[in-house]
Amino acid sequence: MTELIVTAEQRIEAPAPLVRRQFGDVAHHESTGLHRDATFRVISDDGIRCRYQQTTRVGPLHLRQEFELERRSEGPLVNRILKGQFTGGAISFDVVAESESNALVTATLTAPLRGPQRLASPLLRRRIRRSLRAALVEDKHDLERGSYPA
């Protein structure tokens with residue numbers, strides 16, 4: 001089995017605690033339709049753990065995944081993939097303060113690749129990196145335009 005690891009970074013002109021809160025606020029992502037190629041549906045959320053479904057459009061395909069996000073007070077926000085494409089993997093968002101008003105977000109997808117996915121790993125890596133970068137820019141605009149409540 002091969003493991004796919006894809007990383008993308010984005011600087012955001014907003015305080016790190018606000019950025020971290022927005023990245024962990026799945027209900028905000030669901031209600032605002034923030035990401036052009038993804039929709040979210042919260043299944044359950046007790047404030048610490050959020051289970052949600054994400055449907056991502058990749059060309060004519062719609063990939064449906066189920067995630068669980070555990071909100072810890074420190075460290076990266078880890079979204080474990082429970083069902084769907086890349087089950088057993090995770091997408092993590094590490095938010096680091098560069099100054100009082102600036103944060104660096106590193107998004108990392110780690111996923112096991114089985115069977116034919118291994119052969120397609122170079123193509124998958126490019127496509128996922130492009131998607132991660134686009135999603136980070138959409139989050140950046142949401143935060144820098146003040147659309148996310150402080």
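Sequential numbering from 1 along the given sequence is applied to the chain's residues. Please read all numbers here as calculations on a predicted model, not as lab measurements.
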Problem - For V137, side-chain contact (heavy atoms from CB on, under 4.5 Å) partners two or more places apart - result: Q10, H141
Completion exercise
Sorted by chain and number, sequence neighbours left out, salt bridge (charged side-chain N to carboxylate O under 4.0 Å, His left out) with R21 holds for none
Indicate every side-chain donor-acceptor pair of residues 55-65 with a distance under 3.5 Å to a residue at least two apart or in another chain.
from: T56; atom 1: OG1; to: Q54; atom 2: NE2; distance (Å): 3.1
from: R57; atom 1: NH2; to: D37; atom 2: OD1; distance (Å): 2.7
from: Q65; atom 1: NE2; to: Q85; atom 2: O; distance (Å): 2.6

Problem - Residues forming a side-chain hydrogen bond (donor to acceptor under 3.5 Å, both in side chains) with D25, sequence neighbours excluded - result: Y148
Practice task
Not counting sequence neighbours, which residues clear side-chain contact (heavy atoms from CB on, under 4.5 Å) with S99? List them please.
Solution key: S101, N102
Practice task
Enumerate the residue pairs fulfilling salt bridge (charged side-chain N to carboxylate O under 4.0 Å, His left out) with a member in residues 141-150, sequence neighbours excluded, ordered by first and then second residue.
Solution key: K140-E144
Problem - Closest approach of A107 to L136 (non-hydrogen atoms, all atoms of both residues) - result: CB-CD1, 4.1 Å
Handout entry: All side-chain contact (heavy atoms from CB on, under 4.5 Å) counterparts of S31, not counting sequence neighbours
Key = none
Problem - Those residues that, when tested against E66, pass side-chain hydrogen bond (donor to acceptor under 3.5 Å, both in side chains) (two or more places apart) - result: R51
Quick one: side chains of residues 76-83, donor-acceptor pairs under 3.5 Å with protein atoms, not counting sequence neighbours, listed by atom name and distance.
from: N79; atom 1: OD1; to: Y52; atom 2: OH; distance (Å): 2.8
from: N79; atom 1: ND2; to: I91; atom 2: O; distance (Å): 3.1
from: R80; atom 1: NH2; to: E68; atom 2: OE1; distance (Å): 2.4

Problem - pair T32-F40: side-chain heavy atoms closer than 4.5 Å - result: no
Practice task
Just grab all the salt bridge (charged side-chain N to carboxylate O under 4.0 Å, His left out) pairs involving residues 90-108, residues at least two apart or on different chains.
Solution key: R11-E98
Please tabulate, for side-chain N and O atoms in residues 126-134, each donor-acceptor pair with protein atoms closer than 3.5 Å (sequence neighbours left out).
from: R129; atom 1: NE; to: T7; atom 2: O; distance (Å): 3.4
from: S131; atom 1: OG; to: R127; atom 2: O; distance (Å): 3.1

